[in-house]
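As structure tokens, the structure follows; a few thoughts come after it.
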Protein chains: 2
Amino acid sequence: MVKKTGRPAYLQIADDLREQVRGGSLAPGAPLPSTAQLAEQYDASLSVVKMAVGILRNEGLLIGQQGKGVFVRDEESSESGQVTAVDLVSEVIELRTAVRDLSQRLARVESTLSERSDQ
Amino acid sequence: MVKKTGRPAYLQIADDLREQVRGGSLAPGAPLPSTAQLAEQYDASLSVVKMAVGILRNEGLLIGQQGKGVFVRDEESSESGQVTAVDLVSEVIELRTAVRDLSQRLARVESTLSERSDQ
DNA sequence: CAGGCCAACTAGGTTAACTATGTTGGTCGC
DNA sequence: GCGACCAACATAGTTAACCTAGTTGGCCTG
């Protein structure tokens, strides 16, 4: 693999994996080959594979579970590939709510902890 | 820099830079300090700074020009008419990371609580 | 002075090695 | 059989080193 186009290898691999996910070749929830296996498949070093996976992980397309493997994200919201502004706005609203909720829970639990610790 | 939260350094730096851009501390078109200078500022290695910049470059927030420097994306340089795509994406990413961070802290603290309760 | 050359910067890509941490499966002792 | 332990494998993060390539400015030569 890794054609001799100017495109860096880690982007080529990321593109290829993204294509496989979008094309259904890698089904949602399915595990990817291990980093070492991917490195051998693409005839690339471990580092570039890790970078490629890191990008897709950052994009939310893949989910890495330490000690187990890397899996295609299971949700169905990733189908279009093109994210619309409406999707983003709604996600922002959802996330803001989630942040507020988590902050409140955290504050409550942490205060409980400090009370116990103070005694 | 690089607080001792569980959050990896390259994400902390990426968050910080993203915040500076969104907050206007780094104006559009303005150059970032060089990789070496950033590494010194954050007391981090060159590698993590490069990773952080790479993420923001991938997000479209920063534009790297080989031999010159890294610049905050200029509104006019990607005139698609819609101002907000990158802004929304950055905010979504910020919020997502915030949610993840809060969830981890919450889980850790709650497990501590339950341990104490069990005994 | 003009032009070219070169050294010193810059970002970007690649690789290798090391650590940390989580999961899993097998083996060994009881 | 069961539990503890351990080795092998997994992702994840960090660091260091090396290479490419573009830019800039100064110096030196003609």
Side-chain angles (χ1 to χ4, degrees), chain A residues 1-17 26 29-74, chain B residues 1-17 21 26 29-74 77 96-97 100-101 103-105 107-108 111:
Chain A
M1 255 279 177
V2 279
K3 300 164 190 141
K4 283 168 276 182
T5 168
R7 194 159 179 74
Y10 73 97
L11 287 182
Q12 288 185 44
I13 297 178
D15 289 344
D16 190 72
L17 292 176
L26 279 173
L32 269 69
S34 75
T35 307
Q37 288 174 324
L38 286 177
E40 189 173 357
Q41 280 185 27
Y42 288 107
D43 191 27
S45 70
L46 290 176
S47 304
V48 301
V49 173
K50 285 166 73 174
M51 288 177 70
V53 172
I55 288 177
L56 301 181
R57 193 155 44 93
N58 191 269
E59 290 178 5
L61 199 67
L62 301 180
I63 295 181
Q65 289 188 316
Q66 205 169 305
K68 296 188 73 174
V70 179
F71 302 86
V72 179
R73 193 185 62 166
D74 212 337
Chain B
M1 251 277 179
V2 281
K3 300 168 189 134
K4 282 168 281 181
T5 167
R7 193 159 179 72
Y10 72 98
L11 288 183
Q12 289 185 43
I13 296 177
D15 289 344
D16 189 70
L17 293 177
V21 171
L26 279 172
L32 268 70
S34 75
T35 308
Q37 289 173 325
L38 285 177
E40 189 174 357
Q41 279 185 28
Y42 288 107
D43 190 27
S45 71
L46 289 175
S47 304
V48 301
V49 172
K50 285 165 74 172
M51 289 177 70
V53 172
I55 289 177
L56 301 183
R57 194 156 42 94
N58 191 270
E59 290 175 9
L61 201 67
L62 301 180
I63 295 181
Q65 289 189 355
Q66 207 170 303
K68 296 188 72 174
V70 179
F71 302 86
V72 179
R73 181 185 125 272
D74 206 339
S77 71
R96 279 211 277 244
T97 55
R100 192 191 313 175
D101 196 31
S103 300
Q104 288 175 350
R105 288 173 57 191
R108 196 171 341 122
S111 69

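Naming: A, B, ... by sequence-line order, numbering from 1 per chain. All values below were derived from every heavy atom in this structure, side-chain atoms included, with hydrogens, water molecules and symmetry-related copies excluded.
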Trace of the side-chain contact (heavy atoms from CB on, under 4.5 Å) decision for A:Leu11 with A:Ile55: CA-CA 9 Å; A:Leu11 287 182; A:Ile55 288 177; 3.9 Å; yes
If you look at every heavy atom in B:Ser45 and B:Val48, which pair is closest and at what distance? O-CG2, 3.2 Å
Measure across B:Phe71 and B:Gly29 and return the closest heavy-atom pair with its distance rounded to 0.1 Å. CD2-O, 3.6 Å
Report the distance from atom CD of A:Gln65 to atom C1' of D:dC9, rounded to the nearest whole Å. 15 Å
Value rounded to 0.5 Å, distance of NZ in A:Lys50 from CD1 in A:Ile13: 13.5 Å
What distance do A:Met51 atom CE and A:Tyr10 atom OH have between them, rounded to the nearest 0.5 Å? 5.0 Å
Heavy-atom side-chain proximity of A:Leu17 to A:Tyr42 below 4.5 angstrom: yes
Residues 58-65 of chain A side chain polar contacts: donor-acceptor under 3.5 Å, at least two apart:
from    : atom 1 : to      : atom 2 : distance (Å)
A:Glu59 : OE1    : A:Arg18 : NE     : 3.2
A:Glu59 : OE2    : A:Arg18 : NH2    : 3.0

So where does chain A start and stop touching DNA chain C, 5' to 3', when the test is distance under 4.0 Å to a non-hydrogen atom? C:dG13 to C:dT24
Distance-only donor-acceptor pairs under 3.5 Å for side chains of residues 33-40 of chain A, two or more places apart:
from    : atom 1 : to      : atom 2 : distance (Å)
A:Ser34 : OG     : A:Gln37 : N      : 3.3
A:Gln37 : OE1    : A:Ser34 : N      : 3.1

If I compare all heavy atoms of A:Ala14 with all of A:Ala52, which pair ends up nearest, and what's the gap? N-CB, 3.8 Å
Would you tabulate the pairs of protein nitrogen or oxygen atoms and nucleotide nitrogen or oxygen atoms of nucleotides 14-17 of chain D closer than 3.5 angstrom?
from   : atom 1 : to      : atom 2 : distance (Å)
D:dT14 : OP1    : B:Ala9  : N      : 2.7
D:dT14 : OP2    : B:Ala9  : N      : 3.4
D:dT15 : OP2    : B:Ser45 : OG     : 2.8
D:dA16 : N7     : B:Ser47 : OG     : 3.0

Which of these passes side chain to side chain contact (heavy atoms under 4.5 Å, CB included) with B:Leu32: B:Val49, B:Leu56, B:Val21, B:Leu26? B:Leu26
Please round to the nearest 0.5 Å and tell me the distance separating atom CG of A:Asp16 and atom CD of A:Gln41. 9.0 Å
For a 4.5 angstrom cut-off between non-hydrogen side-chain atoms, does B:Arg7 reach B:Asp15? yes
The helix from C:dC1-D:dG30 to C:dC30-D:dG1: angle between its terminal axes, five pairs each, to 10°? 30°
Report all interatomic pairs (protein N or O, nucleotide N or O of nucleotides 22-24 of chain D) with separations under 3.5 Å.
from   : atom 1 : to      : atom 2 : distance (Å)
D:dG22 : N2     : B:Gly67 : O      : 3.4

